[in-house]
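Worksheet for the structure shown next.
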Amino acid sequence: VQLQASGGGLVQPGGSLTLSCATSGSVFTSNDVAWYRQFPGKERELVAAISADGNATYEGSAKGRFTISRDNHKNTVHLQMNSLKTEDTAVYFCNKRWFPDSWGQGTLVTVSS
């Protein structure tokens with residue numbers, strides 16, 4: 001596993017949370033990186049992705065609420081999540097956008113009052 005997600009936790013509806021994805025330099029500089037999430041009993045789904053040169057794309061309900069960014073000094077990709085909803089509760093993973101590596105444990109985000 002070359003990419004490790006962290007930063008999950010419990011947050012109230014309407015709140016914000018920032019997830020971080022630590023990578024090695026070689027993975028970071030030459031790959032598009034994405035955030036995925038998985039709901040209980042469901043397939044893992046794409047949330048957002050950022051290209052090696054910084055172009056970001058978002059899927060579904062992440063549009064307008066989530067922001068993906070790269071920290072070139074720390075080889076880290078962040079996912080800023082605002083206006084969180086209970087339906088955002090899931091395990092969040094980061095990985096290469098194309099030809100993913102093995103999956104880590106992810107980080108659990110729980111949105112609940």
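By convention here, the first residue in the shown sequence is residue 1.
The distance from the OG atom of Ser102 to the CG atom of Leu3 is 9.5 Å, given to the nearest 0.5 Å. Atom CG of Leu19 and atom CZ of Phe66 lie 8.5 Å apart (nearest 0.5 Å).
Under the rule for a side-chain hydrogen bond (donor to acceptor under 3.5 Å, both in side chains), the partners of Ser51 that lie at least two apart in sequence or sit in another chain are Asp53. Here Thr18 pairs with His78, Gln80 under the side-chain contact (heavy atoms from CB on, under 4.5 Å) rule; sequence neighbours left out.
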Under 3.5 Å donor-acceptor pairs involving side-chain atoms of residues 5-17, not counting sequence neighbours:
from  : atom 1 : to    : atom 2 : distance (Å)
Ser16 : OG     : Asn82 : OD1    : 2.9

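Listed by first and then second residue, the side chain to side chain donor-acceptor pair (under 3.5 Å) pairs involving residues 90-100 are Asp32-Trp98, Arg37-Tyr92, Lys96-Asp101 (not counting sequence neighbours). For residues 49-113, the disulfide bond (SG atoms under 2.5 Å apart) pairs, not counting sequence neighbours, are Cys21-Cys94. Counting only residues at least two apart or on different chains, the ring-ring contact (aromatic ring centres under 6.0 Å, His included) pairs with a member in residues 31-61 are Tyr36-Trp103. Listed by first then second residue, pairs satisfying salt bridge (Lys or Arg N to Asp or Glu O under 4.0 Å) with a partner in residues 60-71 read Arg65-Asp88, not counting sequence neighbours.
Taking all atoms of both residues into account, the shortest heavy-atom contact from Ala48 to Leu79 is CB-CD1, 4.2 Å. Shown here for Gln38 and Arg44, the closest heavy-atom pair between the two residues is OE1-NH2, 3.6 Å.
Listed for the Thr110 side chain is no donor-acceptor partner under 3.5 Å among the backbone atoms of Thr89.
Residues Ile68 and Val77 meet the side-chain proximity criterion, which asks for heavy atoms closer than 4.5 Å.
The environment of CD in Glu87 is crowded: more than 12 heavy-atom neighbours from other residues, nucleotides or ligands sit within 6.0 Å.
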